[in-house]
Structures are given as structure tokens and as C-alpha cells.
Amino acid sequence: MLDIAFIRNNPEVVKEGARKKRMKVDIDELLSVDNDMRRLKTEVETLRADRNRISKDVSKSSGPERDDLIQQIKFIKNGLTEKEPKLKELEERFEQLMLFVPNPPLPEAPEGDSEEDNVLIRKVGQVPQFDFTPKDHLELAESLDMVDMPRAVKFAGARMYFLKNEGALLEFALFKFALDHLASKGFQPMIVPQLVRREAMVGTGFFPLGEEDTFFVSKDDLYLVGTAEVSLVSYHMDEILSESELPKRYCGYSTCFRREAGSYGRDTKGFYRLHQFNKVEQVVICENDPEVSMREHKLLLENAEEIMQALGLPYRVALACTGEIGQGQVLKHEIETWMPSRGKYSETHSCSSLHEFQSRRLRIRYRGADGKVKPCHTLNNTAVASPRIMIPILENFQNADGSVTIPEVLRPLMRGMERIEPKNSK
RNA sequence: GGAGAGAUGACCGAGCGGCCGAAGGUGCUCGCCUGCUAAGCGAGUGUGGGGUGUAGAGUCCCACCGAGGGUUCGAAUCCCUCUCUCUCCGCCA
């Protein structure tokens with residue numbers, strides 16, 4: 001959500017932002033509703049002021065004078081009964097329109113339509129050269145008996161899976177490693193609610209646009225989160241924090257549920273696109289200062305890169321183009337990891353700054369040193385998401401004999417195992 | 001799931017249908033005072049929105065005492081619905 005005053009004063013900036021993001025939104029309609037709403041509001045408030053004033057006199061009067069005052073109020077109330085529903089209608093329309101206005105991207109976000117227009121920032125690590133025919137991650141995972149997809153699909157449907165044996169252990173090791181790393185840097189570890197109310201989904205900006213992609217538990221009116229970001233950001237909903245306690249830095253673990261509506265037939269094989277996965281997410285809530293949030297943005301990116309480097313995975317960092325940036329984000333970096341079977345770097349992390357977009361929706365504010373209450377800035381980035389991260393781990397670290405070498409940092413977390421060996425029986 | 005109690009400002013907590021945007025305290029800000037610290041003294045300090053005003057300051061108004069309806073000239077106070085919290089019982093990782 002943007003500040004309506006900002007939209008009023010800078011309609012062209014907002015329109016240009018929407019255009020860059022390739023999003024359709026009718027700012028002129030919004031402003032016209034805003035205008036009508038304010039005009040009517042003034043009328044209604046004048047009537048209310050009259051009513052309140054006269055009503056106070058009622059208590060001081062008596063007899064015919066009193067009856068006369070009450071008559072006057074009844075007359076005013078007629079005007080109110082006529083105007084109030086119209087005002088309410090306009091206000092609802094206004095709120096609705098506001099939910100769709102995209103946050104204009106920062107100037108440093110490159111303009112573009114799709115992934116191809118993202119700008120490469122840096123490459124880290126060596127892409128492996130195999131002197132044997134490498135397998136893809138699914139083949140590896142099956143031969144290593146780390147996964148069972150067919151049995152899951154049989155009773156749970158497409159894009160479902162079991163992780164088993166070293167697969168299960170590896171995932172826990174990854175999350176433990178990530179949480180430890182972030183906790184050591186002062187991020188507060190959290191295990192978060194995975195079922196949330198609509199308010200949290202709208203508040204974090206996933207709704208209304210992302211509603212189709214979300215699982216809904218209708219009996220209880222609760223939504224399954226697609227990321228811990230929803231809960232971590234909503235944590236401070238409706239609060240006024242003090243500047244001295246900022247920034248708030250969190251790392252949260254959750255399972256993530258995504259319907260993947262509209263992606264039928266895409267990435268159907270393997271670990272890339274699943275209905276359910278697990279993730280450690282980083283979230284920062286900080287002061288309303290673009291420089292501060294940019295610093296935090298870099299910190300979040302750096303944390304994720306440190307984890308990637310510790311794992312020894314070859315990756316690159318790209319700056320997402322405007323067409324790839326979500327509605328609420330002003331800047332987004334992606335970490336893409338080398339996946340041999342795809343023959344390219346593919347997204348494993350997404351680092352976003354949202355400025356006031358979420359905090360306005362959720363009313364997360366803080367009292368500045370000047371005594372003024374301001375909306376915070378919010379940011380988030382993946383720390384590690386699995387099983388997707390297992391694609392590059394399995395594929396990059398595979399050996400000629402079909403085994404996979406476990407990254408050193410994870411070995412202490414996997415009972416000292418150094419390799420995952422192929423199994424014969426299933 | 002059954003029975004009962006509750007939801008008030010950044011936080012805690014009082015509140016008779018008009019004198020309540022709301023006592024008191026804590027916190028915070030500013031000042032004073034005291035070898036230092038702690039304490040003490042004084043003053044200030046709600047949110048959101050609309051109008052006016054040169055962004056500002058100021059000023060006027062509206063709304064808000066969990067949310068939404070209702071009664072009333074007038075509702076934090078009365079009634080209804082919902083949500084959440086707590087206690088007890090049941091069930092349960």
C-alpha cells in the first residue's frame with residue numbers, strides 16, 4: 001500500500017512505476033474515487049459536527065427548546081442516513097483500489113519484461129566439469145534412495161513427495177546450518193504459524209493478486225502460507241515500535257505451500273516446483289530510511305551468499321528487472337544456482353525490499369527520534385529453501401560412481417557422513 | 001467440544017449514557033536538582049483521517065476504548081452478532 005498523499009502528488013511517478021512493472025492499474029480512477037470520497041466525507045463530517053454540537057445543547061435545555069433541538073437533530077440525521085451509505089461505498093471502493101497499486105521500483109532496478117532482462121551482478125564458484133555423464137538430481141536422489149515421489153503422488157497428488165534417509169537428514173542439516181549461521185549474526189530464530197488469516201495475506205501483499213496460488217482451509221477461513229515471510233512480517237502487525245529497538249532481524253522456519261496454479265506442466269519433474277517445501281527465511285523490519293533499508297538489503301543478500309559459499313555451490317547474483325519484481329517490491333535480487341541438468345543457473349533465493357508497502361498494510365510503525373510515528377521498511381530474503389537447493393547439491397557434487405559428496409559444513413550435522421552412496425534395494 | 005470471565009492509549013490499569021480522547025501509573029522527551037550512578041522535582045507526550053494553511057507550524061472538525069450492527073437527541077458505558085484471550089471440564093502431540 002502506498003501513501004495516498006504520495007499518489008495524489010505524484011500520479012505520474014506511480015503510473016510510470018506500474019508501467020515498468022508491466023502491471024495494469026487505473027490511477028485516474030483511484031484519484032477520482034479519492035476526490036469524490038473526500039468531498040462527501042467533508043459533507044458527512046459537517047453534518048456530524050452539527051449533530052454533536054446540538055446534542056450537547058440538548059442536555060442543557062428543557063421544555064419546548066429541547067424538543068426543538070431534537071427536531072433539528074432528526075433533520076440532520078436524515079441527511080446522514082442518505083449520505084453515509086454512499087460514503088461507505090466510496091471508502092470500500094477506495095480501499096479495494098489501493099490494494100492493487102504497485103510500489104514503484106527503485107531507479108536501480110533495470111527495466112525489462114522477463115528473466116532475460118535481469119542484470120547479472122556477479123558469479124561465484126566454479127561450474128563443475130564432469131569426465132563422466134552426469135545424472136540429474138532426480139535420478140541421483142532415487143538411486144541414493146533419498147526420495148519417493150510416486151508413492152506420494154499416489155495418495156497426495158502431483159508435486160508431492162517423500163524425502164527419506166539421507167534426503168531427510170540432509171534437509172534438516174541444511175536448515176540447522178542456516179539457522180545457526182543467522183542466529184550467530186543476531187537474527188532471531190523463529191518457528192512460525194503456517195496457517196494464517198486473510199489479514200496477514202493481504203497485509204504482506206500476497207493478496208489479492210496471489211490468491212489463486214494459495215491453499216485455503218475453508219472450514220476455518222485460514223490460509224496456508226507460501227513463505228514464513230507472511231508470519232514474520234505480520235508478527236508486529238498493529239504495533240508502534242520505538243526507534244531504538246530497530247532493526248528487527250528474524251530468521252524463520254516454515255513449510256511453504258503453493259498451489260502453483262497456472263504452472264501446470266511446467267517443471268513437473270523433480271524437486272524444482274513442488275506444492276510443499278521447507279524454507280528458512282530472513283526478514284528485517286527497519287527504519288523508514290532508504291539508505292538504512294538498502295544496507296539491510298545488502299546484509300540479507302550477504303547472509304545468503306555466505307551460506308552458499310559455505311556449501312560450496314556455484315551461483316550468481318542477478319538484479320531482477322522491473323517486469324520480474326512483484327507488486328510490493330521496490331528492488332529484488334535473485335541468487336541463481338548452477339543446476340547442471342538444466343544447463344543453467346536457476347533461482348534458489350529471492351531478496352526483496354518493500355519499503356512501506358507491507359508496513360502500511362499491516363500498520364507496523366515506529367516512533368522516530370523526532371517523536372513522529374512512521375511506517376517501517378520491511379525486507380526479506382531466502383536463507384535456504386529445500387528440496388530445491390538439493391538440485392544443485394546433488395548434481396554438482398556427484399561422483400563417477402553415482403555417489404554424492406556432502407558439503408563439509410553439513411557433515412557434523414549428518415552424523416559425520418561424507419558421502420551419500422547408491423543403494424540397491426528400495 | 002461444554003461452562004464461565006474478559007478485550008480501554010507505546011505499556012499497565014480506572015471508568016456513573018452527556019462534565020471522557022478517556023483518571024492514575026510506567027515508559028519516553030525536555031528542564032531542574034543532587035560528588036557520580038540510582039533516586040527526586042516540574043512540564044510535556046494517543047492513533048488515523050478530512051478541512052484550512054506555502055511542504056512546515058498552527059488551527060478547526062470527524063472517527064476510534066477488540067470488530068461489525070443496533071437502541072438513544074447523545075454510547076467506552078445499554079442490546080445483538082462475530083473474533084480473540086484467560087479459567088475450569090473434556091480430548092490430545
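Throughout, a chain's letter reflects where its sequence line sits, starting with A, and its residues are numbered from 1.
- A:Ser59 places no side-chain N or O within 3.5 Å of a backbone atom of A:Ser55 that could act as its donor or acceptor partner.
- At a threshold of 4.0 Å, the pair A:Arg48-A:Glu84 counts as salt-bridged, since one of the basic side-chain nitrogens sits closer than that to a carboxylate oxygen.
- Using modelled atom types, no side-chain atom of A:Ser254 and backbone atom of A:Ile191 make a donor-acceptor pair closer than 3.5 Å.
- In this structure, B:rA76 makes no Watson-Crick or G-U wobble pair, since no nucleotide meets both defining distances under 3.5 angstrom.
- Nucleotide B:rG6 is matched to B:rC84 when pairs are restricted to Watson-Crick or G-U wobble geometry with both distances under 3.5 angstrom.
- Using cut-offs of 30° and 60° for the angle between ring planes, the A:Phe215 and A:His275 rings count as perpendicular.
- Pair check for B:rC91 finds none; no Watson-Crick or G-U wobble contact set falls under 3.5 Å.
- Under the Watson-Crick or G-U wobble criterion, with both distances below 3.5 Å, B:rC41 is paired with B:rG31.
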Check nucleotides 68-77 of chain B for protein N or O atoms closer than 3.5 Å to its own N or O atoms and list the pairs.
{"residue": "B:rG69", "atom": "OP1", "partner": "A:Lys88", "partner atom": "NZ", "Å": "3.0"}
{"residue": "B:rC73", "atom": "O2", "partner": "A:Ser55", "partner atom": "OG", "Å": "3.3"}
{"residue": "B:rC73", "atom": "N4", "partner": "A:Arg66", "partner atom": "NH2", "Å": "3.4"}
{"residue": "B:rG74", "atom": "OP1", "partner": "A:Lys77", "partner atom": "NZ", "Å": "2.9"}
{"residue": "B:rG74", "atom": "O4'", "partner": "A:Ser55", "partner atom": "OG", "Å": "2.8"}

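- Rounded to whole Å, the separation between the P atoms of B:rG9 and B:rC64 comes to 15 Å.
- A:Tyr272 carries A:Arg388 over the face of its six-membered ring, with the cationic atom under 6.0 Å from the centre and within 45° of the normal.
- Base pairing annotation: B:rA14 forms no Watson-Crick or G-U wobble pair, as no partner gives both donor-acceptor distances under 3.5 Å.
- Searching all strands for a Watson-Crick or G-U wobble partner of B:rA57 with both distances below 3.5 Å returns nothing.
- Put simply, the side chain of A:Asp117 gets close to the backbone of A:Ser114: a donor and an acceptor are under 3.5 Å apart.
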Which letters describe nucleotides 43-59 of chain B, given B = protein heavy atom under 4.0 Å from base, S = only from sugar-phosphate, - = neither? ----SSBSS--------

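- Classified by interplanar angle (parallel below 30°, tilted 30° to 60°, perpendicular above 60°), the ring pair A:Tyr223/A:Phe207 is perpendicular.
- Using a cutoff of 4.0 Å between basic side-chain nitrogens and carboxylate oxygens, A:Lys86 and A:Glu89 are not scored as salt-bridged.
- Across every non-hydrogen atom of A:Gly312 and A:Phe397, the tightest pair is O-CZ, 3.5 Å.
- In this structure B:rC64 sits in a base pair with B:rG46, meeting the Watson-Crick or G-U test at under 3.5 Å.
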